[in-house]
**Q** 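Quick one: this structure, given as structure tokens, is what I'll be asking you about.
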Amino acid sequence: MSEHSKTKTSFYRRLYVAWLIEQGSNTVPKIIEATGMPRRTAQDTLAAIHELDIEMENTNGTYRIVSWGVVNRHWLADNIEQIKTVLAYP
């Protein structure tokens, strides 16, 4: 397996977490369950999603995507398996 840059994996992690939110894994515990990532990584990723111009709401720990901004969510859905492979997530 080839090494991927921290920039790429950080970008993909943010996209993947946003995708998970839209699929219903929209709390920190559900994100941890879906990915196996540490709690702090999940929290840091959620805090950084806005840097991709994805608008998100947080209501008592339940997240919802308001706007995908410049991110093409159809591309994301079509490429989610590749993203999971790069991140080594189940």
Side-chain angles (χ1 to χ4, degrees):
M1 180 186 337
S2 64
E3 286 292 317
H4 300 283
S5 72
K6 288 184 179 187
T7 301
K8 182 175 189 171
T9 57
S10 176
F11 177 67
Y12 275 14
R13 187 177 306 106
R14 293 172 195 187
L15 289 176
Y16 186 51
V17 168
W19 182 83
L20 285 172
I21 290 166
E22 187 160 273
Q23 303 307 305
S25 292
N26 57 356
T27 64
V28 171
K30 288 179 181 179
I31 292 166
I32 293 168
E33 182 180 338
T35 63
M37 71 175 63
R39 174 174 290 278
R40 183 60 191 234
T41 302
Q43 292 169 328
D44 290 350
T45 301
L46 285 163
I49 286 176
H50 75 278
E51 294 174 1
L52 300 181
D53 286 337
I54 296 173
E55 291 181 45
M56 190 171 57
E57 288 181 346
N58 175 0
T59 305
N60 299 320
T62 300
Y63 295 86
R64 182 176 78 82
I65 302 298
V66 175
S67 169
W68 285 92
V70 299
V71 175
N72 181 334
R73 72 182 201 204
H74 301 292
W75 178 91
L76 181 57
D78 290 344
N79 291 278
I80 201 67
E81 291 305 318
Q82 171 63 21
I83 289 169
K84 288 167 55 174
T85 299
V86 168
L87 295 171
Y89 288 156

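If you're wondering where the values come from, they're calculated on a predicted model, not measured in any experiment.
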**Q** OH of Tyr12 to NE2 of His4: how many Å apart, nearest 0.5 Å?
**A**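 If I round to the nearest 0.5 Å, the distance is 8.0 Å.
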**Q** How about Glu33: does its CD atom have over 12 heavy atoms from other parts shown lying under 6.0 Å from it?
**A** no
**Q** Evaluate side chain to side chain contact (heavy atoms under 4.5 Å, CB included) for Asp53 paired with Val71, printing each intermediate quantity in order.
**A** CA-CA 8 Å; Asp53 286 337; Val71 175; over 6 Å; no
**Q** What pairs with Arg13 under salt bridge (Lys or Arg N to Asp or Glu O under 4.0 Å), at least two apart in sequence or on another chain?
**A**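 If we apply the salt bridge (Lys or Arg N to Asp or Glu O under 4.0 Å) test to Arg13, skipping adjacent residues, there are no hits.
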**Q** Going only through I, L, V, M, F, W and Y residues with side-chain contacts under 4.5 Å, is there a path from Trp75 to Ile65?
**A**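 Hydrophobic grouping puts Trp75 with Ile65.
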**Q** Please report the closest heavy-atom contact between Ala18 and Ile54, naming both atoms and the distance.
**A**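 Where Ala18 meets Ile54 most closely, the heavy atoms are CB-CD1, 4.0 Å.
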**Q** Between OG1 of Thr85 and CG of Asn79, what distance do you get to the nearest 0.5 Å?
**A** 11.0 Å
**Q** How long is the span from the NZ atom in Lys30 to the OG1 atom in Thr62, to the nearest 0.5 Å?
**A** 7.0 Å
**Q** Which value, rounded to the nearest 0.5 Å, describes the distance between Thr45 atom OG1 and Arg14 atom CZ?
**A** 7.5 Å
**Q** What distance separates Asn26 CG from Leu20 CG, expressed to the nearest 0.5 Å?
**A** 10.0 Å
**Q** For Arg64, what residues pass the salt bridge (Lys or Arg N to Asp or Glu O under 4.0 Å) criterion, not counting sequence neighbours?
**A** Glu57
**Q** For the CZ atom of Arg73 and the CG atom of Leu15, what is their distance to the nearest 0.5 Å?
**A** 13.5 Å
**Q** Does Glu81 have any side-chain hydrogen bond (donor to acceptor under 3.5 Å, both in side chains) partners at least two apart in sequence or in another chain, and if so, which?
**A**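 Per chain and number, Glu81 pairs via side-chain hydrogen bond (donor to acceptor under 3.5 Å, both in side chains) with no residue.
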**Q** When you look at Asn58 and Leu46, which way does the side chain to side chain contact (heavy atoms under 4.5 Å, CB included) test go after all the steps?
**A** CA-CA 10 Å; Asn58 175 0; Leu46 285 163; over 6 Å; no
**Q** Kindly give the heavy-atom pair with the smallest separation between Lys8 and Ser5, and that separation in Å.
**A** N-OG, 3.0 Å
**Q** Give the minimum heavy-atom separation between Trp68 and Trp19, together with the two atoms involved.
**A** CH2-N, 3.8 Å
**Q** Evaluate the side chain to side chain contact (heavy atoms under 4.5 Å, CB included) criterion for residues Phe11 and Leu52: first the C-alpha distance (whole Å), next the side-chain angles of each, then the deciding distance (0.1 Å), finally the verdict.
**A** CA-CA 8 Å; Phe11 177 67; Leu52 300 181; 3.6 Å; yes
**Q** Can you check side chain to side chain contact (heavy atoms under 4.5 Å, CB included) on Val17 and Met37, steps first, answer last?
**A** CA-CA 11 Å; Val17 168; Met37 71 175 63; 4.0 Å; yes
**Q** Please give me the minimum heavy-atom distance between Ile21 and Tyr63, naming the atom from each residue.
**A**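 Scanning both residues, the minimum pair turns out to be CG2-O, 3.5 Å.
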**Q** Indicate yes or no for a side-chain donor-acceptor contact from Thr9 to the backbone of Lys6 under 3.5 Å, with no hydrogens or angles considered.
**A**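 Such a contact is found between Thr9 side chain and Lys6 backbone.
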**Q** Would you name the heavy atoms of Thr35 and Pro90 that are closest together and state the gap between them?
**A**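 Between these two residues, the closest heavy atoms are O-CD, 3.6 Å.
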**Q** For Ile32 and Ala42, work out which heavy atoms get closest and say how close.
**A** CG1-CB, 4.2 Å
